S.K.: 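Below is a structure I'd like to ask you about.
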Amino acid sequence: MTKNDAPVGDFIREIIEDDLRTEKHRGRVATRFPPEPNGYLHIGHAKSVCLNFGIAAQYGGTCNLRLDDTDPSGESLEYVQSIINDVHWLGFDWGNRLFYASDYFEHLYQFAVNLIKAGKAYVCSLNADQMREYRGTLTEPGKESPYRNRSIEENLDLFARMRAGEFEDGAHVLRAKIDMASPNVVMRDPIIYRIKRVPHYRTGTDWVIYPMYDFAHCLSDSLEKITHSICTLEFENNRPLYDWIVGELIAHDRPRQIEFARLNVSYTILSKRRLIQLVEQNYVTGWDDPRMPTVAGMRRRGYPPEAIRTFCAKIGVAKKDNLVDIALLEACVRDDLNERAPRVMGVLRPLKVIIDNYPEDRVEEFECANHPQNSAMGTRKVPFSRVIYIEQDDFTENPPRKYKRLAPGKEVRLRSSYVIRYQGMVKNEQTGEITELHCTYDPETRNGPPPDGRKVDGVIHWVSANHAVPVEVRLYDRLFQVPDPAASGDGFVRHLNPHSLETLPSCPVEPSLRDVPSGSPYQFERLGYFCRDSKGTPSDPPVFNRIVSLRDSWAKIAGKEGK
RNA sequence: UGGGGUGUCGUCAAGCGGUAAGACACAGGCCUUUGGAGCCUGCAUUCGGAGGUUCGAAUCCUCCCACCCCAGCCA
């Protein structure tokens, strides 16, 4: 952990500290991160990962990684592997404590048998529709199932035959015998086992009955001797059931469930179901599309795990519904990258500049600092010659007020190089487009300010045309155009930002970028942070993803001036 | 019109009866060979509302209001 993700106090840590003080779990702290392997992890999961693993680390406890795989439909090994990979990448380790709820199937079955023997569970043969009717409504109590008072022997027999595969899906379920009149619908004889003839990615066809979440989760926690079972708010209604099951079946070391508010982030969506939709309907290129809020997407985009951890620490943990500004995530990423990313130069939208008074065959190499505030990051050589590219944005015929870049009659500093002065431009007669600029350089400005004391305000980046490496650049923007796309329910796709990806097929960048590894971040000066994409084929020109832009205060000024 | 939760700055979020932290965002300024970074300053007389208790309330009590979750053989 770094200084930035030092956990701050929150209500969960308060509870834990209380429990530690009162020796409630004999000084133990054991948490778990329990994803279901039916999708990729996203930034919301990252919050939970940081919480659970962070707490374990902070209090000298343990945190298990447990795959909550009790519903084989939709679960797969691919998801398991992505989860393992993502949690590791985020910076956490579970030692030898990788568990699967499916490993407990036999044990859970025995628990269910015990519940039946205690007269606390029964096999119910109502069909799904009937079940719904008998359940009552939010304001009306339910009715007891006609099968509620089957004998223990009959229940035992039926349950064994359910396991043995004698019945079709839906023919019977096992229910806890609690209270059909409970004001909490969860407690109205909840189903704890159902028949599901779907092969499981781990247990194959060994089982045709699978435990429900409410039954499996609390008992898995108990088997793992979890002390604090941290989950999200929507399970608050399930806590009485959690406590009931544990109360019936577990004598010692009962875990305690604590709920916190799940994370929401503006301009994106964090529902697994909807993320799946984006992937399956090809709104994005996959789970690891750099625009996705998935851990895999953020990794490919170039977000450092440290930045994600810092973000998770900064948003805090509470019980209030929230919509965290994505600008905070971006700020964390910039903050981290500002310190670690070496500076380089690349031009996104090139404008050719010919330096008329610079000898045609001459090439100079400038020793450029890799980081202006950190000399330990060293220097690199950047070639300079008579023809260079600058950013189209860095020249204008009619400069607005406060414009500090190149314009007719003006001069500007080429970063780490000379001051150049505008001399003329060449336009395409047909389109009016400026095709090249002619400038002169001031040889006296190589290592410092002009000796005559004149001020040169603007500094722009550039790349020597002859030495440039052409790369593809992908500029990413927010996935959605509205702050809270989830508020539109299933219509959220209509808010997708059509400009969330802009591809620039051939951008000149400095030669030091020719063979950089994928994933390591660079700051393209004055533009943003970029990293080479991990998916390109070696024969193609390299692809660079924009991780996040630099703060652009000129855009703000220009915006205001324009109004 | 049942039950369970939550309401403090634009957004997160501290605060736990002694007189509203911090972060992001925003607005000014300084500095700068990145209009980056850094630095400085400003930004809730008020805590969903109304009453009450108290010398003193965001914190305690009462009532009210708003929002979220629950009627999958999903998790």
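So that the names make sense, note that chain A is the first sequence line, chain B the second, and so on, each numbered from 1. Side chains included, hydrogens not; waters and symmetry mates left out as well; all remaining heavy atoms used. None of the values given here were measured: they were computed from a predicted structure.
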S.K.: Any chance you could list the contact pattern along nucleotides 70-75 of chain B? Use B for base contacts, S for sugar-phosphate-only contacts and - for none, protein heavy atoms under 4.0 Å, 5' to 3'.
M.R.: BBSBSB

S.K.: Suppose we screen for side chain to side chain contact (heavy atoms under 4.5 Å, CB included). Which residues come up paired with A:S512, at least two apart in sequence or across chains?
M.R.: A:V344, A:R380, A:E510

S.K.: If I pick the P atom on B:A27 and the same atom on B:G10, what distance separates them, to the nearest angstrom?
M.R.: 15 Å

S.K.: So, using side chain to side chain contact (heavy atoms under 4.5 Å, CB included) as the criterion, who are the partners of A:V412 when residues are at least two apart?
M.R.: A:L406, A:I420, A:I460

S.K.: Strictly under 3.5 Å: I want the nitrogen or oxygen pairs between protein and nucleotides 9-15 of chain B, one per line.
M.R.:
{"unit_1": "B:U11", "atom_1": "O3'", "unit_2": "A:L323", "atom_2": "O", "d": "3.2"}
{"unit_1": "B:U11", "atom_1": "O2'", "unit_2": "A:L323", "atom_2": "O", "d": "2.8"}
{"unit_1": "B:U11", "atom_1": "O2'", "unit_2": "A:D325", "atom_2": "N", "d": "3.4"}
{"unit_1": "B:C12", "atom_1": "OP1", "unit_2": "A:L323", "atom_2": "N", "d": "2.8"}
{"unit_1": "B:C12", "atom_1": "O2'", "unit_2": "A:I315", "atom_2": "O", "d": "2.9"}
{"unit_1": "B:A13", "atom_1": "OP2", "unit_2": "A:K320", "atom_2": "NZ", "d": "3.3"}

S.K.: Taking the C1' atom of each, how far is B:G36 from B:C31, in whole Å?
M.R.: 13 Å

S.K.: Listed by chain and number, what are the ring pair (Phe, Tyr, Trp, His ring centres under 6.0 Å) partners of A:Y193, not counting sequence neighbours?
M.R.: A:F159, A:F215

S.K.: Glycosidic conformation of B:G72, syn or anti, with 90° from 0 as the boundary?
M.R.: syn

S.K.: Please identify each residue that fulfils ring pair (Phe, Tyr, Trp, His ring centres under 6.0 Å) with A:Y134, with sequence neighbours left out.
M.R.: none

S.K.: Test of understanding: with ring pair (Phe, Tyr, Trp, His ring centres under 6.0 Å), list the residues that count as partners of A:Y242, not counting sequence neighbours.
M.R.: none

S.K.: Sequence neighbours left out, what passes side chain to side chain contact (heavy atoms under 4.5 Å, CB included) with A:S488? Give chain and number order.
M.R.: A:R494, A:H495

S.K.: What does the list of N/O pairs under 3.5 Å between the protein and nucleotides 35-38 of chain B look like, with a distance for each?
M.R.:
{"unit_1": "B:G35", "atom_1": "OP1", "unit_2": "A:V459", "atom_2": "O", "d": "3.3"}
{"unit_1": "B:G35", "atom_1": "OP1", "unit_2": "A:R526", "atom_2": "NH1", "d": "2.8"}
{"unit_1": "B:G35", "atom_1": "O3'", "unit_2": "A:S553", "atom_2": "OG", "d": "2.8"}
{"unit_1": "B:G35", "atom_1": "O2'", "unit_2": "A:S553", "atom_2": "N", "d": "3.4"}
{"unit_1": "B:G35", "atom_1": "O2'", "unit_2": "A:S553", "atom_2": "OG", "d": "2.8"}
{"unit_1": "B:G35", "atom_1": "O2'", "unit_2": "A:W554", "atom_2": "N", "d": "2.9"}
{"unit_1": "B:G35", "atom_1": "N7", "unit_2": "A:R405", "atom_2": "NH1", "d": "2.6"}
{"unit_1": "B:G35", "atom_1": "O6", "unit_2": "A:K404", "atom_2": "N", "d": "2.7"}
{"unit_1": "B:G35", "atom_1": "N1", "unit_2": "A:K402", "atom_2": "O", "d": "2.7"}
{"unit_1": "B:G35", "atom_1": "N2", "unit_2": "A:K402", "atom_2": "O", "d": "3.1"}
{"unit_1": "B:G36", "atom_1": "OP1", "unit_2": "A:S553", "atom_2": "OG", "d": "2.5"}
{"unit_1": "B:G36", "atom_1": "N2", "unit_2": "A:Q373", "atom_2": "OE1", "d": "2.9"}
{"unit_1": "B:A37", "atom_1": "OP1", "unit_2": "A:R551", "atom_2": "NH1", "d": "2.4"}
{"unit_1": "B:A37", "atom_1": "O2'", "unit_2": "A:N338", "atom_2": "ND2", "d": "3.1"}

S.K.: Apply salt bridge (Lys or Arg N to Asp or Glu O under 4.0 Å) to A:E367 and list each qualifying residue two or more places apart in sequence or on a separate chain.
M.R.: A:K381

S.K.: Below 3.5 Å, can you tabulate the donor-acceptor pairs from side chains in residues 547-554 of chain A to any protein atom, sequence neighbours excluded?
M.R.:
{"unit_1": "A:D552", "atom_1": "OD1", "unit_2": "A:W554", "atom_2": "N", "d": "3.2"}
{"unit_1": "A:D552", "atom_1": "OD1", "unit_2": "A:A555", "atom_2": "N", "d": "3.0"}

S.K.: With sequence neighbours left out, what residues match A:T70 under side-chain hydrogen bond (donor to acceptor under 3.5 Å, both in side chains)?
M.R.: none

S.K.: Can a donor-acceptor pair be found, under 3.5 Å and without considering hydrogens, that links the side chain of A:N322 to the backbone of A:L263?
M.R.: no

S.K.: For the P atoms, the ones on B:C47 and on B:U8, what distance do you get once it is rounded to whole angstrom?
M.R.: 12 Å

S.K.: Rounded to whole angstrom, note down the C1' distance from B:U46 over to B:A57.
M.R.: 12 Å

